[in-house]
Amino acid sequence: MPRPQPLSGFPELLPRQRIVEQQVVDHLRRAFELHGFANVQTRAVEQMDQLLRKGETSKEVYVLRRLQADSGGGDAGLGLHFDLTVPFARYVLENAGKLNFPFRRYQIQQVWRGERPQEGRFREFWQADIDIVDRDELPAHYEVEIPLVIADALRGLPLPPVRMHVNNRKLCQGFYQGLGIDDTDEALRIIDKLDKVGPEAVQKLLIDQVEATPEQAEACLKLAEISSEDTSFVDRVKALGVTDPLLEEGLGELAAVVEAAADQAPGLVVADLKIARGLDYYTGTVYETVLEGHEQLGSICSGGRYDTLASDGKNTYPGVGISIGVSRLLVPLLSSGALDATREVPTCVLVALADEDGRGEANALARRLRERGVPTQVSPSAAKFGKQIKFADKRGIPFVLFPGEEHQIKDIRSGEQTPVDVDSWEPPAEDLHPRIVAP
RNA sequence: GUGGUCGUAGCUCAGCUGGUAGAGCACCUGGUUGUGGUCCAGGAGGUCGCGGGUUCAAGCCCCGUCGGUCACCCCA
């Protein structure tokens with residue numbers, strides 16, 4: 001059989017890269033739990049009609065089909081989930097009677113989308129999602145809280161600085177309807193393309209597709225140009241002279257988010273009135289996050305407020321949430337070498353072997369180290385010591401223990417070798433486990 | 001799904017107007033009779049993505065196909 005080729009869009013990491021991914025996920029998990037989010041896992045599949053509720057994305061859904069299924073029957077109604085928000089909305093409805101509201105949960109799982117892969121775009125990838133849902137009413141302060149949790153979660157990871165662009169759907173829709181544009185959803189989608197196609201093209205689209213007058217299109221562009229790190233955007237919007245109750249509401253909510261973020265996570269959030277998000281179920285604040293220096297990746301963390309996604313007709317459960325695209329964030333940094341692990345195995349100590357008869361003693365020494373939490377393995381063979389050291393070196397294992405009448409431990413980076421008491425020896429804290437480094 | 005572009009050693013790549021397949025790094029052995037990394041000497045490793053065609057002769061030209069990659073669409 002010829003050597004299998006990688007399947008594009010389904011990234012598989014090497015062990016040292018996986019160490020980075022694993023530690024990032026552990027870090028996110030700790031951060032989310034520090035903020036009181038409970039964990040939930042949902043099944044990989046959903047009913048197709050659940051998945052299709054989100055509209056356009058439907059054609060990207062991987063449908064489940066049993067190989068032997070009769071052409072007419074089978075599991076035709078199932079598909080793999082393409083995000084964690086839709087399954088969560090379903091989960092909330094299904095378990096509403098057993099959950100306590102407001103309910104905050106985090107969920108870190110793989111999702112699948114049948115897209116054409118590109119840098120930072122995959123067909124199977126990890127998302128780390130947080131959401132807060134309440135029954136009937138969701139206070140606006142949760143829209144303020146979400147960016148602060150993300151700021152905490154990303155803090156402490158050796159990543160380039162991130163910048164979260166925040167907008168509010170009510171603000172834009174209020175502005176458009178105050179202006180006299182009817183199809184505000186379509187206007188949002190067009191404005192979202194501004195960075196890609198430029199102002200002239202956007203103006204033309206607005207005129208052609210939502211029947212805006214040139215003056216209305218001009219005003220939409222003026223609004224989209226506004227961005228600020230503080231609440232000064234409010235006055236700039238008001239200076240455009242459009243009045244609408246929904247616009248006022250959106251301005252107030254966005255100002256609250258920006259103000260709290262400027263206070264508690266300076267430099268993280270910028271109000272950016274051209275952010276729209278393609279998805280149509282967002283009803284308030286929307287978030288989009290770029291890695292500085294890696295803007296071409298697109299948003300590595302997006303979300304927003306949705307008031308009607310989870311509703312059984314009798315009760316509604318409005319929510320706000322955001323998803324970190326773990327794979328989008330990490331895979332490009334890993335393959336470019338911008339992120340790496342200090343070693344490719346968990347092993348901290350390799351116990352050397354003078355001869356095969358010594359394996360029993362070596363195993364016992366290894367066990368004593370493991371009992372105190374030091375990851376240890378025994379050399380695969382009693383090769384020349386030079387080879388055993390090389391075995392450790394190639395994997396990045398920092399220490400080699402030589403058993404003998406007096407055991408000795410060697411730090412193979414410095415070459416320093418000293419007698420050691422295996423029941424009290426501790427490696428430096430930074431060597432006990434592999435760490436993430438940004439070379 | 002549409003369009004561009006690229007497939008040669010584990011990796012990065014060279015390969016002239018078509019004439020028997022190359023380098024660097026990595027790997028293995030020895031120099032080094034039990035402590036690696038440097039150095040030196042040697043060695044191994046290729047159905048040139050796959051299939052067909054043109055030709056005395058194809059890595060190179062033609063057709064097809066598969067895969068990678070980029071852009072569009074959309075999005076984490």
Side-chain angles (χ1 to χ4, degrees), chain A residues 1-11 14 28 54-61 81-86 107-130 150 162 164 189 192-193 196-197 201 275-280 282 286-291 294 296-304 321-332 335 337 350 352-356 358 379 381-404 408-418:
Chain A
M1 183 171 109
R3 193 160 62 110
Q5 299 287 306
L7 203 48
S8 156
F10 294 86
L14 291 169
L28 295 176
K54 219 169 159 179
E56 273 304 290
T57 348
S58 59
K59 55 191 172 197
E60 299 165 0
V61 172
H81 60 221
F82 57 84
D83 76 356
L84 300 177
T85 307
V86 169
Q107 192 170 344
I108 302 174
Q109 285 182 237
Q110 280 168 305
V111 304
W112 295 268
R113 286 183 200 176
E115 298 187 75
R116 265 294 220 279
Q118 264 175 55
E119 188 188 19
R121 301 180 45 171
F122 308 101
R123 297 193 282 189
E124 174 180 80
F125 59 99
W126 288 89
Q127 285 193 330
D129 190 287
I130 54 172
I150 293 299
V162 299
M164 188 179 284
R189 267 191 291 274
D192 196 42
K193 297 178 194 297
K196 190 154 276 176
V197 301
I275 299 300
R277 312 258 59 235
L279 301 175
D280 46 3
Y282 291 120
V286 289
Y287 315 99
E288 215 166 86
T289 314
V290 292
L291 258 196
H294 300 266
Q296 80 289 351
L297 284 181
S299 173
I300 52 105
C301 177
S302 320
I322 195 164
S323 258
I324 300 177
V326 176
S327 303
R328 169 169 289 184
L329 183 60
L330 292 183
V331 171
S335 44
L350 177 76
L353 217 49
D355 53 69
E356 212 33 61
S379 179
S381 72
K384 288 184 183 179
F385 283 151
K387 286 204 172 175
Q388 297 190 48
I389 292 169
K390 208 167 169 181
F391 176 94
D393 190 34
K394 277 165 64 174
R395 290 161 179 76
I397 300 170
F399 296 99
V400 176
L401 176 68
F402 294 98
Q408 300 208 329
I409 197 144
K410 179 189 188 81
D411 180 333
I412 66 172
R413 295 158 301 186
S414 64
E416 189 187 354
Q417 184 168 330
T418 53

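Protein chains get the first letters and strands the later ones, always in sequence-line order, with residue 1 at the start of each.
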Should A/F385 and A/K390 count as side-chain neighbours, where that means a heavy-atom distance under 4.5 Å?
no

Quickly work out the A/R395 CZ to B/A26 P distance and round it to whole Å.
17 Å

Identify the nucleotide, in any strand shown, that forms a Watson-Crick or G-U wobble pair with B/G42, with both distances under 3.5 Å; if there is none, say none.
B/C28

According to a strict under-4.0 Å criterion, is A/T289 in side-chain N/O contact with OP1 or OP2 of B/A76?
no

Over how many whole Å does the gap from A/E119 atom CD to B/G68 atom P extend?
16 Å

Using a heavy-atom cut-off of 4.0 Å across all strands, would you classify A/L7 as base, sugar-phosphate, or nothing?
sugar-phosphate

Between A/L353 and A/R116, just flag the one whose closest nucleotide in RNA chain B comes earlier from the 5' side.
A/R116

Taking the P atom of each, how far is B/C70 from B/U35, in whole Å?
49 Å

Report the residues that fulfil side-chain hydrogen bond (donor to acceptor under 3.5 Å, both in side chains) with A/Q107, sequence neighbours left out, ordered by chain and then residue number.
A/T42, A/R105, A/Q109

Side-chain heavy-atom pair A/P332, A/L297 within 4.5 angstrom cut-off:
yes

Consider side-chain contact (heavy atoms from CB on, under 4.5 Å). Of A/L350, A/I412, A/I409, which one does A/F399 pass it with?
A/I409

Could you tell me the separation between the CG atom of A/D129 and the C1' atom of B/C75, rounded to a whole number of Å?
14 Å

Expressed in angstrom and rounded to an integer, what is the separation of A/R189 atom CZ from B/C73 atom P?
14 Å

What is the distance, rounded to the nearest whole Å, between atom CD of A/Q127 and atom P of B/A76?
7 Å

Can you give one letter per nucleotide of nucleotides 35-45 of chain B, going 5' to 3': B for a protein heavy atom under 4.0 Å from the base, S for sugar-phosphate only, - for none?
BBB--------

Name the pairing partner of B/C48, where a pair is Watson-Crick or G-U wobble with both distances under 3.5 Å, or state none.
none

B/C48 to B/G67 separation - C1' atoms, rounded to the nearest Å:
16 Å

Sort out the partner of B/A23 for me: Watson-Crick or G-U wobble, both distances under 3.5 Å, none otherwise.
B/U12

Pairwise side-chain contact, A/F122 with A/P117, heavy-atom cut-off 4.5 Å (strictly under):
no

Please verify the inter-ring angle class for A/W112 with A/H81; under 30° counts as parallel, over 60° as perpendicular, anything in between as tilted.
tilted

For B/A14 and B/C25, measure between their C1' atoms and round to the nearest Å.
15 Å

In whole angstrom, give the distance that lies between atom CZ of A/F82 and atom P of B/A76.
10 Å

Test for a donor-acceptor pair under 3.5 Å between the base of B/A76 and the side chain of A/R121, counting only N and O atoms.
no

Taking atom P in both B/C74 and B/G64, what distance in whole Å separates the two?
31 Å

Which residue pairs pass the salt bridge (Lys or Arg N to Asp or Glu O under 4.0 Å) test with at least one member in residues 117-126 of chain A, sequence neighbours excluded?
A/E115-A/R121

B/G43 versus B/G7 - spacing of their P atoms, nearest Å
31 Å

Sub-4.5 Å side-chain heavy-atom contact between A/K410 and A/I389
yes

Evaluate the side-chain proximity of A/F125 to A/V326: yes if any heavy-atom separation is below 4.5 Å, no if none is.
no

Please report, rounded to the nearest Å, how far the C1' atom of B/C75 is from the CH2 atom of A/W126.
20 Å

Please confirm whether the shortest side-chain N or O distance from A/S299 to OP1 or OP2 of B/A76 is below 4.0 Å.
no

A/A382 near the nucleic acid: base, sugar-phosphate alone, or nothing, with a heavy-atom cut-off under 4.0 Å?
base

Strictly by Watson-Crick or wobble contacts shorter than 3.5 Å, is anything paired with B/A71, and which nucleotide is it?
B/U2

Rounded C1' spacing from B/G68 to B/U55 in Å:
31 Å

Spacing of A/E115 atom CD relative to B/C74 atom P, expressed in whole Å:
11 Å

Between B/C75 and B/C66, how far apart are the C1' atoms? Round to whole Å, please.
27 Å

Any strand is fair game: report the nucleotide pairing with B/U55 by Watson-Crick or G-U wobble, both distances under 3.5 Å, or none.
none

Please give the distance between the P atoms of B/G59 and B/G19 as a whole number of Å.
9 Å

